[in-house]
*Asks:* 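Take this structure, written in structure tokens, and hold onto it; I'll ask about it next.
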Amino acid sequence: MRRTPTTPTELLSRARGLAGLTLAELAGELSVSVPANLRRDKGWVGRLLEDALGADASTAQAPDFAELGIELKTLPVDATGKPRESTFVTCVELAHPDEIRWETSHVRQKLARVLFIPVLSETSMSPGERLVGQPLLWQPTPAEEALLQADWEGHMRTIRQGYAHAITARDGRVLQIRPKGARASSRVWGLGPSGDLELIQPRAYYLRAGFTAQIIARSFALST
DNA sequence: TCTTGATCATTC
DNA sequence: GAATGATCAAGA
């Protein structure tokens with residue numbers, strides 16, 4: 001673990017210094033072994049970059065860089081720079097939806113400031129061959145936040161009515177909700193239609209790949 | 001080909 | 001069990 005950056009500028013500067021490295025090179029510097037594939041190490045890339053940048057020890061309900069209020073997200077992209085996957089945001093709080101407002105929601109907090117690090121990750125590339133890209137320190141524009149809030153409010157409306165189990169990944173223009181658990185049979189307490197708590201499948205918020213693609217594209221437009 | 005729903009490892 | 005980090009893999 002490297003020393004934690006004390007300013008956003010230092011963090012960004014350090015992240016820029018990693019651009020162009022292969023993950024194998026980065027892992028070598030950190031004395032971390034490289035898995036042959038990510039099937040059993042799905043969080044390996046994210047943890048590697050956290051380690052390289054000196055993210056705080058994983059503490060619940062706090063950004064990766066707690067003092068800076070910055071969340072770190074790696075973003076697998078193809079050769080054209082488009083995200084290959086959606087981006088995990090946070091778990092959905094299903095039990096007491098009436099007590100949650102957008103202004104203080106976990107989603108808004110998590111996405112307040114995000115350091116996106118694209119990683120060139122064609123499926124044909126082994127984990128070690130993948131390349132760290134130029135980082136992007138993002139804060140939602142008013143328009144982006146409006147999109148996020150609108151989706152979030154829609155999801156919350158459904159959840160408050162006790163129909164969280166009926167939400168599918170097709171709901172939400174930029175912010176979707178998908179199952180998230182150890183297995184499909186995982187269950188957590190959530191509000192049911194009767195107003196009582198019942199056991200339902202745990203879920204999480206994800207940013208659609210199209211949304212993160214726009215974020216990347218906008219930063220590219222600004223930097224050229 | 002793209003997305004959705006499912007799954008994996010680790011920590012506390 | 002819940003939250004962290006995500007990608008896999010089957011079906012549309």
Side-chain angles (χ1 to χ4, degrees), chain A residues 1 15 23 26-27 30 32-66 70-80 82-96 100 105-107 109-111 114-130 132-133 151 155 164-190 197-214:
Chain A
M1 173 72 76
L23 297 188
L26 192 53
L30 298 170
V32 170
S33 61
V34 182
N37 63 70
L38 299 182
R39 187 177 179 198
R40 292 189 171 280
D41 295 273
K42 297 184 177 181
W44 182 77
V45 180
R47 285 191 298 273
L48 183 68
L49 270 298
E50 281 184 351
D51 196 0
L53 293 172
D56 303 1
S58 56
T59 47
Q61 304 304 333
D64 295 303
F65 299 92
I70 295 175
E71 182 75 14
L72 175 65
K73 294 288 181 195
T74 57
L75 196 58
V77 299
D78 65 19
T80 70
K82 290 204 168 188
R84 295 188 51 244
E85 293 284 351
S86 53
T87 301
F88 170 77
V89 180
T90 189
C91 294
V92 181
E93 306 152 273
L94 297 162
H96 302 289
I100 304 169
S105 67
H106 290 166
V107 172
Q109 290 173 19
K110 290 275 184 182
L111 299 180
V114 180
L115 182 67
F116 283 108
I117 300 188
V119 176
L120 178 57
S121 308
E122 290 286 349
T123 46
S124 60
M125 301 168 75
S126 70
E129 293 173 329
R130 300 184 177 190
V132 180
D151 282 345
H155 293 315
H165 59 276
I167 297 175
T168 80
R170 296 170 188 79
D171 300 319
R173 302 230 304 165
V174 300
L175 184 70
Q176 63 180 175
I177 286 181
R178 304 221 303 276
K180 168 75 171 179
R183 56 191 69 79
S185 58
S186 296
R187 289 296 180 271
V188 69
W189 290 106
L197 293 180
E198 59 184 48
L199 288 168
I200 60 179
Q201 192 176 19
R203 288 156 189 281
Y205 290 102
Y206 291 80
L207 299 178
R208 290 186 181 279
F211 184 62
T212 49
Q214 286 182 23

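Just so it is clear: chains get the letters A, B, ... in the order the sequence lines come, proteins before strands, and each one is counted from 1. Note that this is a predicted model, so its numbers are computed, not measured.
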*Asks:* Any side-chain to backbone donor/acceptor pair from A:Ser121 onto A:Val119? Under 3.5 Å, distance only.
*Replies:* yes

*Asks:* Take A:Arg39 and A:Ile177, find for each the nucleotide of DNA chain B with the closest heavy atom, and name the residue whose nucleotide sits nearer the 5' end.
*Replies:* A:Ile177

*Asks:* Side chain of A:Arg203, backbone of A:His165: donor and acceptor closer than 3.5 Å?
*Replies:* yes

*Asks:* Rounding to an integer number of Å, can you tell me how far A:Arg178 CZ sits from B:dC2 C1'?
*Replies:* 12 Å

*Asks:* Check whether any side-chain N or O of A:Lys82 sits under 3.5 Å from a backbone N or O of A:Ala209 as a donor-acceptor pair, and report yes or no.
*Replies:* no

*Asks:* Would you classify A:Asp64 as touching base, sugar-phosphate or nothing, given that sugar-phosphate means primed atoms plus P, OP1 and OP2, and contacts are heavy atoms under 4.0 Å?
*Replies:* sugar-phosphate

*Asks:* Dump the intermediate steps for side chain to side chain contact (heavy atoms under 4.5 Å, CB included) on A:Val174 and A:Leu207, then the final yes or no.
*Replies:* CA-CA 6 Å; A:Val174 300; A:Leu207 299 178; 5.8 Å; no

*Asks:* Figure out the OH/P separation between A:Tyr205 and C:dG5, and round it to whole Å.
*Replies:* 17 Å

*Asks:* Please tell me which of the listed nucleotides, C:dA2, B:dA6, C:dG5, lies nearest to the side chain of A:Val188?
*Replies:* C:dA2

*Asks:* With nearest nucleotide decided by heavy atoms, which residue, A:Arg47 or A:Ile167, maps closer to the 5′ end of DNA chain B?
*Replies:* A:Ile167

*Asks:* Would you say A:Arg208 reaches B:dT4's phosphate, i.e. side-chain N/O to OP1/OP2 under 4.0 Å?
*Replies:* yes

*Asks:* Nearest whole Å is fine: how far is C:dG5 P from A:Leu75 CG?
*Replies:* 14 Å

*Asks:* Measure from NZ on A:Lys180 to P on C:dC8 and round the result to the nearest Å.
*Replies:* 14 Å

*Asks:* For A:His155 and A:Leu175, indicate whether the former's side chain and the latter's backbone hold a donor-acceptor pair under 3.5 Å.
*Replies:* yes

*Asks:* Give A:Gly43 one of three labels, base, sugar-phosphate or nothing, depending on what nucleic acid heavy atoms sit under 4.0 Å from its own.
*Replies:* base

*Asks:* Quick check on B:dG5: is either OP1 or OP2 less than 4.0 Å from any side-chain nitrogen or oxygen of A:Arg170?
*Replies:* yes

*Asks:* Round to the nearest Å and state the distance from A:Gln201 atom CD to C:dG1 atom P.
*Replies:* 14 Å

*Asks:* Rounded to whole Å, please give me the gap between CD in A:Gln176 and P in C:dA6.
*Replies:* 16 Å

*Asks:* Here's a test of your reading of the structure: between A:Arg84 and A:Trp189, which maps to the more 5' nucleotide of DNA chain C?
*Replies:* A:Trp189

*Asks:* For C:dA6, take OP1 and OP2 only and decide whether either is under 4.0 Å from a side-chain N or O of A:Thr74.
*Replies:* yes

*Asks:* Need one value for A:Ser186: base, sugar-phosphate or nothing, where a base atom within 4.0 Å counts as base even if backbone is also close, heavy atoms only.
*Replies:* nothing

*Asks:* Is a donor on one side and an acceptor on the other found under 3.5 Å between the side chain of A:Arg40 and the backbone of A:Pro35?
*Replies:* no

*Asks:* Across the strands shown, which category fits A:Glu93 at heavy-atom distances under 4.0 angstrom: base, sugar-phosphate, nothing?
*Replies:* nothing

*Asks:* Can you tell me the distance, in whole Å, between the CZ atom of A:Phe116 and the P atom of C:dG5?
*Replies:* 12 Å

*Asks:* Select one nucleotide: of C:dT7, B:dG5, B:dA6, the one nearest the side-chain heavy atoms of A:Leu38.
*Replies:* C:dT7

*Asks:* Between B:dT3 atom C1' and A:Leu175 atom CG, what is the distance in whole Å?
*Replies:* 16 Å

*Asks:* From C-beta outward on A:Lys110, which listed nucleotide comes closest to its side chain: C:dA6, C:dT4, B:dG5?
*Replies:* C:dT4

*Asks:* Picking from C:dT7, B:dG5, C:dG5, which would you name as closest to the side chain of A:Thr168?
*Replies:* B:dG5

*Asks:* By nearest nucleotide on DNA chain C, pick out whichever of A:Arg187 and A:Pro76 is the more 5' one.
*Replies:* A:Arg187

